Amino acid sequence: MRLPPAALAAIVFAAASLAVAAGKGDQRVKPVPQPPLVIPPATPPATTPPAPGPGETDETAALPTPSSAAQTLYSAARADLLQIRMLLRNGRSQSSVGSGFLVGTGNLVLTNYHVVSQMALDPDVYIGEYVDTDGKSGPVELLAVDVLHDLAVVRVNRNGTGFFQVPDKPVKLVQGQYLYSLGNPLDLGFAISEGSYNGIVTRSFYEQLIFTGPINSGMSGGPSVTAAGVVAGVNVSKRLDGELVSFLVPVKYAQELLRQASAQPHPPKNFNPLIGQQLLAHQRALIDRLLAEPLSMRAMGPYQVPVRESQQLRCWGRSNFRAEAEYTLDSVSCAMEVAVYVSDTQQTGHVSMTHQVIRSSSLHPLQFAVLASSRFRVDRIGAGRDTRLTRPACAEMFVHTATLPVRAVTCVRAYRKFAGLYNFTLLAASTDDPHANLQSRLDLAGVSYENGMRATRAFLSALGRSRGR
């Protein structure tokens, strides 16, 4: 992919102003310390965060026997519950299943975006179908999607009875209040599970409700209601590493999407541009929040490194310290725990940063250089072919921050389906000490070119030596 002229100019200017210039003979021009400009090509690395995917659940978790209240609710609601299926157009074989529910007495159905994502991204390959609790089926027409909150509205050829009412105002819940989630778990049949509301997830970029109850695969997109039958949220996912820790999308986000779907004259012919716009809006908020204030500085041996610890990013530290080891390696990693789901193979809107300090007093400087170089693996960026992204375009240069000479490599990959979105990877390594080496990495998934440059510049310029070291 060709770089925009402004990007090429940035590289040329960075090289001219920051590269260590060699003079004639033994004379060397000492660079003036200044915040380094980051070297940017036009394509990024695929950083798929290790977050549990929407709808992923422990398939061995059994639903408990429903209480009398749950039985009464299910009997009243069953007529408006639907299973949503994605089918291959060629052969109409089933590709994925989820749940949904008819809103009011109309023919609009609420579900998760991830339930209908195949249909949204590749409408020439996938079509949608619903099946109700009586086994009757019909086509599904996709009307609106909200990728950031994992919601979608579809239209079907039947009407609801009016049981599921989406209130105009947010539902007020009390911690410990009973909630009832409905759907079609594991494609086994329609069911209801009982649990309780336990607050709002604090580490999510977008608000989600904690539901202490089972949500199995296939229940995604189904409703979660109060004992009075008021829709409180939409089933979305569950933690695989916990017990009965599930999540709901608050109904207030569904209210807005339903209004949009009702007001538009006809659905978009192509949802990819709309999804791209939503992802661009997310990355603006993400980077603005990341850089709203200077990155926090943390001492690691003789170096100072930038970190960000907040409700969205968490940091962990590790060390391989052993008295007999030839070298020590201390590391700190900060990463977002959630990402924006685009498809089964792509999550985005994610930030992570890692710092490693390698030190040795016993290795010969040449041996230490070999060790440090072996850990600085630029060749691994984009090593696996990813059809969703262009191949990485990388640039390398030696720069000088205010206190530290650094070798820096920036790689960028463009999204093929979503214009204006990129993955950035910045690798940086200190070059000032034969017995100590700082290696830092920043990964930005799904950001604009401008914001990728902005974040990598802030990160790189913050690397430095500790005072007095």
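Nothing here was measured: the structure is a model prediction, and the numbers come from that model.
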Taking side chain as C-beta onward, heavy atoms only, is Pro306 less than 4.5 Å from Met297?
yes
Heavy-atom nearest pair, Val332 first then Cys315, reads CG2-CB, 4.4 Å
Spacing of Phe271 atom CZ and Met119 atom CE [to the nearest 0.5 Å]
8.0 Å
Does atom CG (Asn90) have a neighbourhood of more than 12 heavy atoms from anything else shown, all under 6.0 Å?
no
Can you tell whether the side chains of Lys417 and Asp122 come within less than 4.0 Å, N to carboxylate O?
yes
Under the side chain to side chain donor-acceptor pair (under 3.5 Å) criterion, do Thr348 and Tyr415 qualify, and how do the steps go?
CA-CA 11 Å; Thr348 189; Tyr415 284 53; 2.7 Å; yes
Under a 4.5 Å cut-off applied to non-hydrogen side-chain atoms, are Leu286 and Met336 in contact?
yes
Derivation of the side-chain contact (heavy atoms from CB on, under 4.5 Å) call for Phe164 and Leu110
CA-CA 10 Å; Phe164 292 116; Leu110 263 174; over 6 Å; no
Kindly say whether Tyr113 contributes a backbone atom to a donor-acceptor pair with the side chain of Asp146 at under 3.5 angstrom?
no
Any donor-acceptor pair under 3.5 Å linking the side chain of Ser374 with the backbone of Leu371?
yes
Hey, could you give me the CG/NE2 distance between Leu143 and His266, rounded to the nearest 0.5 Å?
12.0 Å
For Leu280, does its backbone N or O pair with a side-chain atom of Gln283 as donor and acceptor, under 3.5 Å?
yes
Distance check, rounded to the nearest 0.5 Å: Phe247 atom CZ versus Ile215 atom CD1?
9.0 Å
Give a yes or no on whether Gln177 atom CD has more than 12 heavy-atom contacts from other residues, nucleotides or ligands under 6.0 Å away.
yes
For Ser196 and Asn198, test the side chains for any donor-to-acceptor distance below 3.5 angstrom and give the result as yes or no.
yes
Counting C-beta onward and ignoring hydrogens, is there a side-chain heavy-atom pair between Glu256 and Gln260 closer than 4.5 Å?
yes
Which heavy-atom pair separates Val115 from Ser96 by the least distance, and what is that distance?
O-OG, 4.1 Å
How many angstroms lie between atom NE2 of His149 and atom NZ of Lys252, to the nearest 0.5 angstrom?
8.0 Å
Under 3.5 Å, side chain of Glu309 to main-chain N/O of Cys334, donor-acceptor pair present?
no
Check whether any side-chain N or O of Gln255 sits under 3.5 Å from a backbone N or O of Lys169 as a donor-acceptor pair, and report yes or no.
yes
Could you check whether any side-chain heavy atom of Val125 comes within less than 4.5 Å of a side-chain heavy atom of Leu88, counting everything from C-beta outward?
yes
Answer yes or no: is there a side-chain heavy-atom contact under 4.5 Å between Leu188 and Asn216?
no
Heavy-atom closest contact (Thr111 atom, Ser220 atom, distance):
OG1-O, 4.3 Å
Within the side chain of Ser246, is there an N or O that forms a donor-acceptor pair under 3.5 Å with the backbone of Gly213?
yes
Determine whether a donor-acceptor pair (N or O, by modelled atom type, separation under 3.5 Å) exists between the side chain of Asn235 and the backbone of Leu182.
yes
Run the side-chain contact (heavy atoms from CB on, under 4.5 Å) test on Arg284 and Asn451 for me, step by step, so that the C-alpha distance in whole Å, both residues' side-chain angles and the decisive distance to 0.1 Å come before the verdict.
CA-CA 8 Å; Arg284 283 192 291 270; Asn451 276 332; 4.2 Å; yes
Show, in sequence, the C-alpha distance, side-chain angles and deciding distance for Ile210 and Val201, and conclude whether the side-chain contact (heavy atoms from CB on, under 4.5 Å) test is met.
CA-CA 6 Å; Ile210 301 174; Val201 180; 3.7 Å; yes
With rounding to the nearest 0.5 angstrom, report the CZ to OG1 distance, Arg78 to Thr133.
4.0 Å
Is it the case that the side chain of Asn184 and the backbone of Gly189 share a donor-acceptor pair, with hydrogens and angles ignored and the cut-off at 3.5 Å?
yes
So, do Leu102 and Leu82 sit near enough that their side-chain heavy atoms are less than 4.5 Å apart?
yes
Quick one about Asn157 and Tyr130 (side-chain donor to acceptor, distance below 3.5 Å, no hydrogens or angles considered), yes or no?
yes
More than 12 heavy atoms from other groups under 6.0 Å of CZ on Arg318:
no
Rounded to the nearest 0.5 Å, what separates atom CG in Asp386 from atom CZ in Arg416?
8.5 Å
Please check if the number of heavy atoms outside Tyr206 that lie under 6.0 Å from its OH is greater than 12.
yes
Between Asn112 and Val116, is there a donor-acceptor pair closer than 3.5 Å when you use the side chain of the first and the backbone of the second?
no
Taking atom CG as the centre, does Asp168 end up with more than 12 heavy-atom neighbours from other residues, nucleotides or ligands that are less than 6.0 angstrom away?
no
Of the non-hydrogen atoms in Gly195 and Phe211, which two are nearest, and what is the gap between them?
CA-CE1, 3.5 Å
I need the minimum non-hydrogen distance between Leu121 and Ser343, along with the two atoms involved.
CD1-CB, 3.7 Å
For Asp187 and Gln83, does a side-chain donor sit closer than 3.5 Å to a side-chain acceptor?
yes
Can you name the nearest heavy-atom pair linking Ala120 to Asn272, along with the distance?
O-OD1, 4.3 Å
Any side-chain to backbone donor/acceptor pair from Ser193 onto Pro214? Under 3.5 Å, distance only.
yes
Would you check if the distance from the ring center of His355 to the ring center of Tyr303 is below 6.0 Å?
no
Does a side-chain heavy-atom distance below 4.5 Å link Tyr197 with Thr226?
no
Evaluation steps, side-chain contact (heavy atoms from CB on, under 4.5 Å), between Val225 and Leu179:
CA-CA 6 Å; Val225 302; Leu179 291 179; over 6 Å; no
Do Ser461 and Thr401 have side-chain heavy atoms sitting under 4.5 Å apart?
no
